Amino acid sequence: MRADVFLVEAGHAATRSQAQRLIAAGVEWRLSPLAPWQKVAKNGDDIPSVAEVKLLDDAEAKYISRGGLKLEGALRATGLSVAGLRCLDVGQSTGGFTDCLLQHGAAQVIGVDVGHGQLHERLRADPRVVGVEGLNARAMTAQSLQDACEEALSEQVEVDVEDNDTQPVAPYAWMRNGGEVGEEYDDSDDAKEQDVEAFKAERAAKARARAEGSVPTRRQRRAGLEQVDITPEFDVVTGDLSFISLTLVLPAIVPLLKAGGALLMLVKPQFELQPGQVGKGGVVRDESLYAVVEKRIRDCCAEQGLAVKAWFESPIQGGDGNREFFVEARRAA
């Protein structure tokens with residue numbers, strides 16, 4: 001079995017891309033305790049399905065994605081504690097930031113992403129997580145977020161709650177079993193033939209309506225999710241966004257931050273600059289432009305009533321070779 005596939009199927013990695021980073025960090029395997037360890041040199045190396053595996057550096061597997069390591073470093077650098085807090089994760093994607101927040105004690109994480117079907121199944125099944133898909137953070141409002149959360153937690157059920165599947169007992173149904181009419185037989189409770197036919201017609205009409213999608217429905221919370229809090233007001237807002245400037249998103253998300261709440265966002269310079277300022281392959285090569293990005297973000301924070309507390313380089317470099325930064329800011333108490 002391919003080494004990267006083996007690591008995913010054996011539960012050592014959440015995704016193949018994460019498995020490939022583990023292989024780059026060092027992975028070995030052996031068939032028995034007495035056998036020598038074999039080093040995995042490349043992602044396509046074969047590992048027997050019964051092999052024992054050893055990760056030489058398992059840091060990459062700590063969170064669903066590499067983003068979790070970035071946020072972990074930022075939390076450590078700022079001393080920000082999220083324990084017991086409600087958090088909003090903007091640009092949730094597979095859930096690296098969300099996973100980090102939960103592992104650091106967050107009470108709840110509501111995640112927003114413009115895409116669909118990216119959040120890892122482990123996080124999707126976690127009752128502390130609400131994953132909202134198809135919502136553009138730039139246009140998000142408190143009401144649209146609350147509506148989207150409600151949609152994510154709910155299912156559509158038919159309005160007609162009284163739906164009896166039991167067919168009425170036809171007149172003289174007892175005769176089907178060779179019964180005999182006795183003088184004491186009371187047929188007052190027997191359904192009439194027209195009752196039986198009406199029942200059958202009703203069932204057929206409902207079946208057609210379901211097939212056509214025209215049955216009236218209403219939205220209700222799925223079982224076990226009735227008490228999930230979706231108040232659009234958060235203690236902490238984090239974010240890892242691509243292909244959009246934070247200056248376009250901050251005006252929408254700052255109103256969702258509680259007074260005194262903390263904002264901790266990853267800043268990707270290649271999306272904060274003009275196309276002519278970004279080099280080949282989307283990499284910012286002119287280091288003097290980092291100061292331009294910092295000033296732009298600081299100015300935007302000030303315009304939104306945020307006080308910047310820290311600006312620092314991400315402890316983990318971007319996968320494309322770009323340097324990335326974090327900005328920590330607070331909303332006025």
Side-chain angles (χ1 to χ4, degrees), residues 1-29 39-76 82 87-135 152 236 238-243 264-266 268 314-322 324 326:
M1 185 184 301
R2 279 182 59 103
D4 52 0
V5 175
F6 180 97
L7 292 178
V8 173
E9 295 194 358
H12 297 291
T15 63
R16 284 182 66 178
S17 60
Q18 187 179 73
Q20 290 162 9
R21 292 193 295 272
L22 287 171
I23 291 170
V27 174
E28 297 179 346
W29 65 271
K39 180 176 175 58
V40 177
K42 55 184 184 295
N43 302 326
D45 281 1
D46 184 66
I47 298 182
S49 59
V50 294
E52 175 190 358
V53 166
K54 177 171 66 175
L55 307 179
L56 302 185
D57 183 355
D58 62 357
E60 284 285 353
K62 186 173 184 180
Y63 301 109
I64 289 296
S65 75
R66 207 158 177 255
L69 295 174
K70 297 178 184 180
L71 184 60
E72 179 185 64
L75 292 175
R76 187 184 304 116
V82 299
C87 305
L88 175 66
D89 181 18
V90 185
Q92 188 174 41
S93 188
T94 54
F97 274 27
T98 294
D99 197 11
C100 178
L101 290 168
L102 293 176
Q103 290 194 40
H104 282 76
Q108 182 191 48
V109 180
I110 291 180
V112 173
D113 200 279
V114 72
H116 292 81
Q118 298 182 71
L119 185 62
H120 193 274
E121 282 302 316
R122 174 164 67 78
L123 296 176
R124 194 181 298 276
D126 193 310
R128 297 170 295 173
V129 176
V130 180
V132 173
E133 300 179 332
L135 185 60
V236 176
T238 64
D240 178 358
L241 294 164
S242 297
F243 306 107
L264 188 57
M265 303 289 288
L266 184 66
K268 299 179 177 180
S314 170
I316 305 293
Q317 195 175 41
D320 57 4
N322 268 305
E324 297 176 344
F326 273 94

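What you see is a predicted model; the values in this text were computed from it and never measured.
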Compare every heavy atom of Leu22 with every heavy atom of Ala13, then report the nearest pair and how far apart it is. CB-CD1, 3.9 Å
Return the SG to CD1 distance between Cys100 and Ile64, rounded to the nearest 0.5 Å. 12.0 Å
Evaluation steps, side chain to side chain contact (heavy atoms under 4.5 Å, CB included), between Asp113 and Leu119: CA-CA 9 Å; Asp113 200 279; Leu119 185 62; over 6 Å; no
Minimal heavy-atom distance between His12 and Ala61, with the atoms involved, is O-CB, 3.4 Å
Do Thr15 and Ser65 touch side chain to side chain, with heavy atoms closer than 4.5 Å? no
Look at the side chain of Glu28 and the backbone N and O of Leu56, then say whether any donor-acceptor pair between them is shorter than 3.5 Å. no
CG/Asp89 to OG1/Thr238 distance, rounded to the nearest 0.5 angstrom? 4.0 Å
With rounding to the nearest 0.5 Å, note down the distance linking CD in Glu9 to CZ in Arg16. 9.5 Å
Please round to the nearest 0.5 Å and tell me the distance separating atom CG of Asn43 and atom CZ of Arg21. 11.0 Å
Is the backbone of Lys62 close enough, under 3.5 Å, to the side chain of Glu72 for a donor and an acceptor to pair up by distance? no
Side-chain donor or acceptor of Asp99 paired with backbone N/O of Gly96 under 3.5 Å: no
Do Phe97 and Cys87 come close enough that some side-chain heavy atom pair is under 4.5 Å? no
In Å, rounded to the nearest 0.5 Å, how long is the span from CG of Leu69 to CZ of Arg66? 7.5 Å
Report the residue from Ile110, Val129, Asp240 that forms a side-chain contact (heavy atoms from CB on, under 4.5 Å) with Gln92. Val129
Glu324 versus Lys268, closest heavy-atom pair with distance: OE2-CE, 3.7 Å
Provide the closest heavy-atom pair for Lys42 versus Val40 in the form atom of the first, atom of the second, distance. O-CG1, 3.4 Å
Smallest heavy-atom separation, Val8 atom then Ala19 atom, equals CG2-CB, 4.1 Å
For Gln18 and Tyr63, indicate whether the former's side chain and the latter's backbone hold a donor-acceptor pair under 3.5 Å. yes
Let me confirm one number: the CE-CG distance from Met265 to Leu241, rounded to the nearest 0.5 Å. 5.0 Å
